[in-house]
Amino acid sequence: MKEASLKIREEACANHILEEANSNAEVLINDILSKAGFKTIQIDTQAPQSNACSVA
């Protein structure tokens, strides 16, 4: 089970899944807020932690 978890983490990091998820979330939130009538929207995202892709 630990090997599978490690493999998933490695693949997610190699394919930049965290960055892509962050970007997708920004687009989604922007869309929701604009449909709710907000005219000026500023979304400040946080990059994945530097150790998010470190192999333990």
Side-chain angles (χ1 to χ4, degrees):
M1 186 69 127
K2 187 173 182 174
E3 287 181 31
S5 178
L6 182 59
K7 182 68 175 171
I8 290 169
R9 175 181 269 189
E10 289 173 352
E11 288 296 319
C13 290
N15 292 303
H16 307 287
I17 299 296
L18 296 175
E19 292 89 348
E20 187 174 338
N22 200 25
S23 178
N24 290 344
E26 184 176 351
V27 169
L28 179 65
I29 297 301
N30 188 60
D31 187 50
I32 290 169
L33 292 175
S34 65
K35 286 180 180 177
F38 290 90
K39 302 293 181 204
T40 303
I41 302 167
Q42 178 178 338
I43 300 172
D44 298 322
T45 61
Q46 180 177 343
Q49 295 180 356
S50 61
N51 66 349
C53 287
S54 64
V55 178

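The figures here come from the full heavy-atom set of this structure, side chains too, leaving out hydrogens, waters and symmetry mates. Each residue takes its place number in the sequence, starting with 1.
Distance check: Ile29 CD1 to Ser34 OG gives 11.0 Å after rounding to the nearest 0.5 Å. Distance NZ/Lys35 to CG/Leu33: 11.5 Å, rounded to 0.5 Å. Separating the SG atom in Cys13 from the CD atom in Glu19 is a distance of 8.0 Å, to the nearest 0.5 Å.
In the hydrophobic cluster analysis, where Ile, Leu, Val, Met, Phe, Trp and Tyr join through side-chain heavy atoms closer than 4.5 angstrom, Leu6 is grouped apart from Ile8. By the criterion of side-chain heavy atoms lying less than 4.5 angstrom apart, applied directly or through intervening Ile, Leu, Val, Met, Phe, Trp or Tyr residues, Ile32 is not grouped with Val27; the two fall into different hydrophobic clusters.
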- Could you go step by step and tell me if Glu3 and Lys7 meet the salt bridge (Lys or Arg N to Asp or Glu O under 4.0 Å) rule? CA-CA 6 Å; Glu3 287 181 31; Lys7 182 68 175 171; over 6 Å; no

- Item | CA sep, side-chain torsions, deciding dist, call: Asn22, Glu26, side chain to side chain contact (heavy atoms under 4.5 Å, CB included) | CA-CA 6 Å; Asn22 200 25; Glu26 184 176 351; 6.0 Å; no

